[in-house]
Amino acid sequence: MSNNKIWLITRREYLTRVRNRTFLLSTFLFPLVIILFIAGSVMIATQTHTHHKIAVVDANGYFKDYLRSDSSLSFDFSPGIDTLNYAERGNTAVLIIPALPEDNVTIYRLKFKKQLGPAAKDDLENRVNNAITDHLIYEKTSISRIQLDTLRSQSKIAALRTFDDNDKKARASNQNAAGAIGYVCAILIYMLTFIYGAMVMRGVMEEKTNRIAEVVVSSVKPFQLMMGKITGIGAVGLTQFLLWIVLLVGLSLLAQAFIPPSVGKEIMQLQQANAMGNAGNAIKVSEGASKIYEFKSAMSAANLGLTIFCFLFYFIGGYLFYSALFAAIGSAVNEDPQEAQSLMMPVTLPIVFSFFVATVALQDPTGPLAVWASIIPFSSPIVMTGRIPFGVPGTVPWWQLGLSMVSLVAGFLATVWLAGKIYRTGILMYGKKPTWKTMWKWAFHK
Amino acid sequence: MNILEVKDLRKTFATQIAVDQISFQLEKGSIFGLLGPNGAGKTTLIRMITGIFYPDAGEITFEGRPFDPMNDILRIGYMPEERGLYKKMKIGEQALYLAQLKGLSRSEALQRAKEWFVKFEMQSWWNKKVEDLSKGMGQKLQFVTTVMHEPRLIILDEPFSGLDPVNSNLIKDEIYSLARKGATIIFSTHRMEQVEEICDHIILMNRGQKILDGTVGGVKQQFKENLFRIGLERPLTEEDIKAAGASDAFAVVGRTDGQLVVKIAEGHRPNDVLSWFIQKGEGITSFVEILPSLNDIFIRLVEGTPLARQFQRL
């Protein structure tokens, strides 16, 4: 009987939303927004490095031959340049290199009018050190300048491929691709938690402000009403997710149909070469083919089945964990949306914080921060889904995954229980300005 | 047989006692008035009877058994004072949904909804949304959703607020008809004059306590002041009566519309008054007892409190 009522409420919540035109619209617009968001941030990251022209005052005389200019850094060795006039001559900074003894660390200086930024500074340091190495090799050996350059360009042929050695058969793993997939998963969970959490809160507020709540709770228990709403909106989320998977599979099939046959053949060659163990270093293929191959192998390395399963698990778990709290807030506030804003802080903060932790965890997926944040239920949905594409049980041992799942289940049972207590009182309480203190009282006193 | 018995019911909130030791019995098929000013504790009492609140102390017996909220609320229909509907939901769907929450199957709900929609001339609304309805139309729909599952106990909290006279009468007639069919009705209001008309039995609450319990007629008898209104062929003033030699059976206390209002003294009967006028040769055209209104009784009960002054202004 009671399950039947939750089912009726779930059904209503689900149908009223799915039948709505905005559901279809948002289902198709959301992936577009995500793609634009990621593409935008990649664009910004790659396009914004500016060109720096750096004047060099060199006491050794040989840097002129070894420091190479390119699109990001160029060097100005014109005579008579110094710390006073470098800016007038169009340079952003001046590099002062004193005479360098061979056996001592010596300080050289950079003066600037405009900050270089950490990336350009690292780049500059590398180039200066390489120049010194090149100079020493040239001086101490009988190698010719041409031979040295040839060696340098030849030595760039090795490419690192990493393998996950935890299964019986080592599987190719691609850290960059895993990181990218992890990032997308973390962003998705982060955004979906907010979107559906807010949907639950608005739904509860609607029932309270339209005075539907008392009519309904004379037929069902407040807890059933709350759970029905949470499961109904959760089902909307799952439907949306399912549609995205269909969309994704459809699009990738479509994309495959547009791959030219020659590229397809090259991808096949790469796959065969990889299967034989010589990971594609002998085969010369087009850049497009190797990109697609990398993407495909990253997808298979990420263990797509497990990744999708875990994504669903953490989506549902995280959704239940946070939407219950959002429901409690919705039940406490009156007509004024401002009240909701101030109450939401303690709930939104851990979500935002988890996302920051996730971006750090993706850089170091086995570090203590990553491990603990993916076990504690406040942050585990976002952080764990970010880590899983790196490989289970390679990066994420089974015990961590198990502990994290159990603690998430315990976590959402606790928040649902707590929210149920707050909701029961809040939904029929009008006119009182709510605070977390009063909500706490509702939960623990009678 | 009593459909509902409430014994020593008590509910306190953090700062106040909302319902304090309330007991009453409710006969099956009666129309029961739950009266009291705003804040008297009526809604809290109702919320306990409808299983929304758990009482802190006391017992509720429903149809002879201890009240079991999970099942018994399916046999109760409650229209709260704070009531509303889903604005974006179609009216027909909404009626079906609320009836199903009360345990009806979808097909039963559909059949009954159609009957009620025909009865209240609402068929054309089926596919409209609540936001397209006027307030009065919404109230009618709300009433229908309250009684659709044929509850044995119907609780209506201020059912006429926001209704025009035509729709008020429609609902009033429906209340009578439901009571005739055996449903018991609790009618909660702070408008005393509505209760006099409709209810058989009332209790009056103030500050969480029951201050009066009885039938409407009984209560009025209990609080009557032996006042009578006499219509005479020849209008008389107090002075005329004094001049004629006053009786110790009554005293004139006022005049309304040319009629005398008299108070019969302790130990005398109306006949003593009539015989005095007859002896004096005055022609009597009417003789009516004046009973106090429930509003007057309530004011007398809470006399001297700020609440009484508030009600005197009404």
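Below, read A as the first sequence line, B as the second, and so on, with proteins coming before strands; counting in each chain starts at 1.
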Part of [X] lying under 4.5 Å from any heavy atom of chain A:
X        : result
B:Tyr86  : both
B:Arg75  : neither
B:Leu101 : both
B:Gln142 : side chain

Practice task
Mind checking the OH-CD1 spacing from A:Tyr319 to A:Ile230? Nearest 0.5 Å is all I need.
Solution key: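 Result: 6.0 Å between the selected atoms.
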Handout entry: Most chain B-contacting option - heavy-atom pairs closer than 4.5 Å, from A:Val217, A:Val215, A:Asn210
Key =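 Option with the top pair count is A:Asn210.
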Practice task
Decide whether a cation-pi geometry holds between B:Lys11 and B:Phe53; the criteria are a distance under 6.0 Å from NZ or CZ to the six-membered ring centre and an angle within 45° of the ring axis.
Solution key: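 Judged by the rule, B:Lys11 and B:Phe53 form a cation-pi pair.
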Handout entry: Quiz item: cation-pi between A:Arg12 and B:Tyr97, 6.0 Å / 45°
Key =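 Yes.
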Problem - Ring centre gap for B:Trp126 and B:Phe117 strictly below 6.0 Å - result: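 Yes, the ring centres sit under 6.0 Å apart.
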Handout entry: Aromatic ring proximity, centroids under 6.0 angstrom, A:Tyr322 and A:Phe326
Key =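 Ring centroids of A:Phe326 and A:Tyr322 are no less than 6.0 Å from each other.
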